[in-house]
Chemist: 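Take a look at the following structure, please.
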Amino acid sequence: MDFRVGFGYDSHRFAPGRPLVIGGIVIPYELGLAAHSDGDVLIHAVCDALLGAAGLKDIGTYFPDTDPAYKNADSTLLLSKVVDLVSEKGFVVNNLDCTLVLEKPKMKPHIDAIVARLSELLRCDSERVAVKAKTNEKMGFTGAGEGIAAVAAVTLRTL
Ligand code: MG
């Protein structure tokens, strides 16, 4: 059995007048995230982790932010395409572990819904998906509430 590890990172700045979408779930909040796509920072980090694990290139290679096709794109569709690319290489998702870094909003009420959505998109059992959120103790851009960062680690295995 072949076994791969991938790591992903993303960050986006808060912006008014946009829905806040994290892990494919719309989170009630007064700000969204600025991006060419819907700005789903968690899904973007997960995509890069998957692509990296499969030895592929980064998310911007497959979904360039200069392409009008991806304007306000639903990032869950991008993740589905990434899972297709990974499965074309012969891999399935073994597990995902990820962490959001943000001061606000509180993510605890939304974690279970995000886990359910991500496991569906990753085509794996929800017990193989972990989503955590923490503050940055008021340090740096996340601590100042300027935006949200996400990191993701994924393992892939061959069937
Ligand atoms: Mg991004």
Side-chain angles (χ1 to χ4, degrees), residues 1-14 18-29 31-63 65 70 72-136 142 147-159:
M1 186 179 82
D2 195 358
F3 193 78
R4 303 287 184 88
V5 177
F7 179 77
Y9 169 84
D10 196 31
S11 61
H12 283 273
R13 184 182 292 275
F14 279 122
R18 292 174 60 86
L20 178 61
V21 187
I22 300 180
I25 302 294
V26 177
I27 310 289
Y29 193 54
L31 298 169
L33 292 172
H36 184 66
S37 68
D38 63 5
D40 194 324
V41 63
L42 182 58
I43 283 192
H44 297 173
V46 171
C47 284
D48 262 350
L50 288 163
L51 291 166
L56 296 166
K57 296 197 163 65
D58 70 13
I59 185 172
T61 306
Y62 301 99
F63 314 109
D65 64 8
Y70 302 116
N72 295 318
D74 177 349
S75 293
T76 64
L77 300 177
L78 310 188
L79 178 53
S80 287
K81 285 185 191 169
V82 165
V83 175
D84 286 341
L85 290 171
V86 163
S87 59
E88 280 162 24
K89 297 272 276 185
F91 293 105
V92 294
V93 174
N94 187 63
N95 84 303
L96 163 70
D97 183 20
C98 52
T99 300
L100 287 157
V101 184
L102 73 170
E103 298 293 319
K104 283 191 210 172
K106 285 262 177 275
M107 293 304 298
K108 198 169 182 178
H110 310 293
I111 295 293
D112 289 349
I114 293 172
V115 167
R117 188 75 181 107
L118 287 179
S119 59
E120 181 184 19
L121 291 161
L122 296 173
R123 304 164 203 171
C124 71
D125 196 278
S126 59
E127 70 167 12
R128 293 176 179 270
V129 174
V131 177
K132 305 180 293 319
K134 61 196 301 161
T135 74
N136 211 34
T142 51
I148 300 179
V151 290
V154 77
T155 58
L156 303 177
R157 61 185 158 84
T158 48
L159 280 174

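Atom set for the values below is all heavy atoms of this structure, side chains included, hydrogens, waters and symmetry mates excluded.
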Chemist: Give, for atom OG of S75 and atom CG of L33, the distance between the pair rounded to the nearest 0.5 Å.
Modeler: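 Those atoms lie 10.0 Å apart.
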
Chemist: Is there a side-chain contact between V92 and L156, using heavy atoms and a 4.5 Å cut-off?
Modeler: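 Of all side-chain heavy-atom pairs linking L156 with V92, none is under 4.5 Å.
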
Chemist: Taking atom NZ of K132 as the centre, does the number of heavy atoms from other residues, nucleotides or ligands within less than 6.0 Å exceed 12?
Modeler: yes

Chemist: Tell me, do V131 and M107 make a side-chain contact under 4.5 Å, heavy atoms counted?
Modeler: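 Of all side-chain heavy-atom pairs linking M107 with V131, none is under 4.5 Å.
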
Chemist: Please enumerate all residues that pass side-chain hydrogen bond (donor to acceptor under 3.5 Å, both in side chains) together with D65, with sequence neighbours excluded.
Modeler: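 Not a single residue meets the side-chain hydrogen bond (donor to acceptor under 3.5 Å, both in side chains) criterion with D65.
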
Chemist: For F3 versus R157, what's the shortest heavy-atom pair and its separation?
Modeler: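 Between these two residues, the closest heavy atoms are CD1-CB, 4.1 Å.
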
Chemist: If the condition is side-chain hydrogen bond (donor to acceptor under 3.5 Å, both in side chains), which residues does D10 pass it with, not counting sequence neighbours?
Modeler: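 D10 satisfies side-chain hydrogen bond (donor to acceptor under 3.5 Å, both in side chains) with H12, H44 only.
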
Chemist: Do the non-hydrogen side-chain atoms of L50 and L122 ever get within less than 4.5 Å of each other?
Modeler: yes

Chemist: Test of understanding: with side-chain hydrogen bond (donor to acceptor under 3.5 Å, both in side chains), list the residues that count as partners of N95, not counting sequence neighbours.
Modeler: T155

Chemist: Should F7 and V151 count as side-chain neighbours, where that means a heavy-atom distance under 4.5 Å?
Modeler: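 Side-chain contact under 4.5 Å: yes.
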
Chemist: Consider only side-chain N and O atoms of T61 and D58, and report whether a donor and an acceptor are under 3.5 Å apart.
Modeler: yes

Chemist: Report, as yes or no, whether the 6.0 Å neighbourhood of atom CZ on R123 holds more than 12 heavy atoms from other residues, nucleotides or ligands.
Modeler: yes

Chemist: Can you find a pair of side-chain heavy atoms, one from L20 and one from P105, that are under 4.5 Å apart?
Modeler: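 Of all side-chain heavy-atom pairs linking P105 with L20, at least one is under 4.5 Å.
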
Chemist: Report yes if some heavy atom in the side chain of L100 is under 4.5 Å from a heavy atom in the side chain of I22; otherwise report no.
Modeler: yes

Chemist: Assess, by modelled atom type and distance only, whether the side chains of N94 and R4 contain a donor and an acceptor separated by less than 3.5 Å.
Modeler: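 Their side chains do not contain a donor-acceptor pair, so the 3.5 Å distance test is not met.
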
Chemist: With distance as the sole criterion, is a donor-acceptor pair present between the side chains of D2 and T158 under 3.5 Å?
Modeler: no

